[in-house]
Each structure stands twice: as structure tokens, then as C-alpha cells.
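We're numbering straight along the sequence, starting at 1. From a predicted model like this one, the values you see are computed outputs, not experimental measurements.
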Amino acid sequence: ASQITDPELFPSLLFYYGMLTITATRGNYLVLSIPNNNVRKQYYEYLLEEYQRQNKKYINLNDLGLMFYDMSYDGKWREALEFIAHAYKDNSSVRSMIEGERNIQGFFTAYLSVSAYYLVAPEVELNHGFCDMFLMPDLQRYSGVAHSYILELKYLPRTATDKELEEQAEEGRGQLKQYSRDKKVTTISEGTALHCILLQFKGWELIKCEEVSPKC
């Protein structure tokens with residue numbers, strides 16, 4: 001117990017409890033990964049609970065749940081996604097530490113994991129690329145879910161020019177169209193309306209939140 005926080009031993013504890021599994025090897029090293037979406041959800045729910053406990057700006061999870069309902073059953077996605085983006089901006093203590101595309105992705109995943117209507121799958125390989133986030137409808141438990149989502153998160157520092165932002169946005173639109181044509185997406189989202197959403201940040205400011213038609 002006294003050695004539980006040892007960086008060399010702690011991964012073994014996570015493996016023992018089933019929080020990590022061996023997925024590959026690199027020379028003498030093991031590659032440990034989160035084994036499935038259920039465990040991933042536990043991780044992110046813990047992060048959100050800790051955020052709730054320490055943050056003075058308490059999140060009204062009931063209101064957030066209603067936004068997710070509108071998103072999954074009625075296709076009204078903008079309010080929920082903009083709510084998460086504004087929470088990221090407002091949380092100055094987190095913002096100063098995690099500014100960047102990868103960490104914005106983690107922030108969104110933590111929030112979206114609250115929704116019971118989706119299995120949140122980050123970094124899914126689709127059509128020879130990796131989408132930032134695929135919200136897979138949990139139709140076994142909620143057969144009424146009528147909308148599924150692919151999210152592409154883009155980040156540039158506050159010093160980025162308008163030209164750089166537009167070039168990056170155009171790249172994101174192309175990636176969303178590419179991902180939407182993957183057979184895996186077609187199969188999983190069958191029976192639902194697929195929405196491809198581009199979210200672009202300049203520093204911690206959300207400057208673009210748009211839906212991209214996969215048919216264009």
C-alpha cells in the first residue's frame with residue numbers, strides 16, 4: 001500500500017483491477033490501453049465528479065441531460081456542444097493547463113460521457129483517418145435515439161491568422177466527409193440521422209460550430 005503511488009507500480013494496479021489491458025508490446029515494454037467504452041466512461045465520469053466537487057461553478061447535470069435528450073432524439077445539437085465549449089472557456093484553472101486540441105477533446109469526452117444515449121468513442125479509425133469523436137447511439141437501451149454524430153475538433157493558438165483558421169476549417173470539413181463514408185459509420189448509425197459537426201477553437205474561444213453535409 002505504501003508503494004501504490006509509485007509511477008512504475010501504479011499501472012500494474014490499474015491492470016489488476018481491469019482498468020487497463022495489454023494491447024501490444026514495444027521491445028521490452030508493454031502497451032496498456034483502456035479495454036472498452038464502459039471502462040472509459042468510468043474514467044471520464046470520475047473526472048467530471050471531481051470537477052463538480054472542487055469547482056465553484058457547479059454544473060447543473062439535469063439541464064445538461066435535457067440538452068443531451070434534445071441532441072439524441074430531436075437532433076438539436078448546438079446548445080449542448082456550445083454549452084461544453086463555454087464551460088471549457090470559463091474554467092480558467094483548467095484552461096491554463098490544458099489549452100490544445102488533444103485536451104479540448106478530453107474535456108468534451110468527459111462531458112459527453114454523462115449522456116446515456118451514446119457510447120463516446122474518441123480517436124476511431126474511419127476511412128483511413130482518425131476522427132476526434134464518434135457518438136455511437138446506444139440503440140439497445142434507447143431505441144428512440146434518432147441522431148448520431150461525428151465531431152471534429154480543431155485548435156489553433158490565439159495568434160493564428162484568419163487565413164490559417166479558414167484553411168484548417170476546410171481541412172476539417174474534408175475529414176468529416178471522408179469519415180462519414182466509412183462502412184463502420186454506416187452500419188452503426190443505421191436508422192439514425194448522421195450529423196458531422198466541426199468545432200474550431202482559437203485559443204480557448206469557440207469560433208466555429210457548424211454542421212457539414214456528408215453528401216457534398
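One finds the CZ atom of Arg78 at 14.5 Å from the CG atom of Asp70 (value rounded to the nearest 0.5 Å). Atom CD of Glu211 and atom OH of Tyr149 lie 8.0 Å apart (nearest 0.5 Å). The OG atom of Ser143 sits 10.5 Å away from atom CG of Asp138, with the distance rounded to the nearest 0.5 Å. For the atom pair OH (Tyr69) and NZ (Lys76), the distance works out to 10.0 Å, reported to the nearest 0.5 Å. The CD atom of Gln200 lies 6.0 Å from the CG atom of Leu198; values are rounded to the nearest 0.5 Å. The CD1 atom of Ile207 sits 11.0 Å away from the CG atom of Leu199 when rounded to the nearest 0.5 Å.
Side-chain atoms of Leu119 and Phe134, non-hydrogen and from C-beta on, never get closer than 4.5 Å to each other. In this structure the side chain of Leu112 reaches within 4.5 angstrom of the side chain of Met133, judged on heavy atoms. Counting heavy atoms from C-beta on, the side chains of Tyr179 and Val124 never come closer than 4.5 Å. Proximity of Ile197 to Val212: side-chain heavy atoms (C-beta onward) are nowhere separated by under 4.5 Å. Proximity of Met67 to Phe83: side-chain heavy atoms (C-beta onward) are separated by under 4.5 Å at one or more points.
Of all heavy-atom pairs spanning Ala85 and Phe108, the tightest one is N-CZ, 3.9 Å. Nearest heavy atom pair, residue Ala87 against residue Tyr111, reads CB-OH, 3.3 Å. Nearest heavy atoms, Ser148 versus Thr192: OG-OG1, 2.9 Å. Nearest approach of Ile84 to Phe107, heavy atoms of both residues: O-CE2, 3.8 Å. When all heavy atoms of Trp77 and Cys209 are compared, the pair lying nearest together is CZ3-SG, 3.4 Å. Across all non-hydrogen atoms, the minimal contact from Leu135 to Met71 is CD1-CE, 3.6 Å.
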Task: Trace of the ring-ring contact (aromatic ring centres under 6.0 Å, His included) decision for Tyr117 with Tyr73 - done: CA-CA 9 Å; Tyr117 308 117; Tyr73 282 78; 5.4 Å; yes
- [ ] Any chance you could lay out the side-chain contact (heavy atoms from CB on, under 4.5 Å) test for Phe68 and Leu64, step after step, and finish with the verdict?
- [x] CA-CA 6 Å; Phe68 287 146; Leu64 187 59; 3.5 Å; yes
Task: Working for ring-ring contact (aromatic ring centres under 6.0 Å, His included), residues Phe201 and Tyr155 - done: CA-CA 5 Å; Phe201 288 81; Tyr155 166 85; 7.9 Å; no
Task: Full working for side-chain contact (heavy atoms from CB on, under 4.5 Å) between Leu126 and Lys184 - done: CA-CA 7 Å; Leu126 299 174; Lys184 187 187 306 180; 4.1 Å; yes
Open item on the list: The test is side-chain contact (heavy atoms from CB on, under 4.5 Å); show your working for Tyr142 and Ser72 and say whether it passes.
Closed with: CA-CA 10 Å; Tyr142 301 97; Ser72 55; over 6 Å; no
Open item on the list: Please evaluate residues Leu81 and Leu151 with respect to the criterion side-chain contact (heavy atoms from CB on, under 4.5 Å), reporting the C-alpha separation (whole Å), side-chain torsions for both, the decisive distance (0.1 Å), and the verdict.
Closed with: CA-CA 10 Å; Leu81 298 182; Leu151 305 182; 4.0 Å; yes
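Around CD of Glu190, the count of heavy atoms belonging to other residues, nucleotides or ligands within 6.0 Å does not exceed 12. The local environment of CG in Asp74 is crowded, with over 12 non-hydrogen atoms from other residues, nucleotides or ligands closer than 6.0 Å. Other residues, nucleotides and ligands contribute only 12 or fewer heavy atoms inside 6.0 Å of the CD atom of Glu79.
No path of Ile, Leu, Val, Met, Phe, Trp and Tyr side chains, each step under 4.5 Å between heavy atoms, connects Phe130 with Leu176, placing them in separate hydrophobic clusters. Note on Phe10: it does not cluster hydrophobically with Val31, by side-chain heavy-atom contacts below 4.5 Å among ILVMFWY residues.
Scored by the salt bridge (Lys or Arg N to Asp or Glu O under 4.0 Å) test, Glu210 finds Arg173 as partners (sequence neighbours excluded).
A side chain to side chain contact (heavy atoms under 4.5 Å, CB included) with Lys154 is found for exactly one of Lys202, Gln175, Lys208, namely Gln175.
Thr23 places no side-chain N or O within donor-acceptor distance of the main-chain N or O of Leu32, the cut-off being under 3.5 Å. Distance alone, capped at 3.5 Å, is enough to place a donor-acceptor pair between the Glu164 side chain and the Thr161 backbone. Using a distance-only test at 3.5 Å, with no hydrogens or angles considered, a donor-acceptor pair links the side chain of Ser180 to the main chain of Lys177. Side chain of Asp132 to backbone of Leu153: a donor-acceptor contact under 3.5 angstrom is found.
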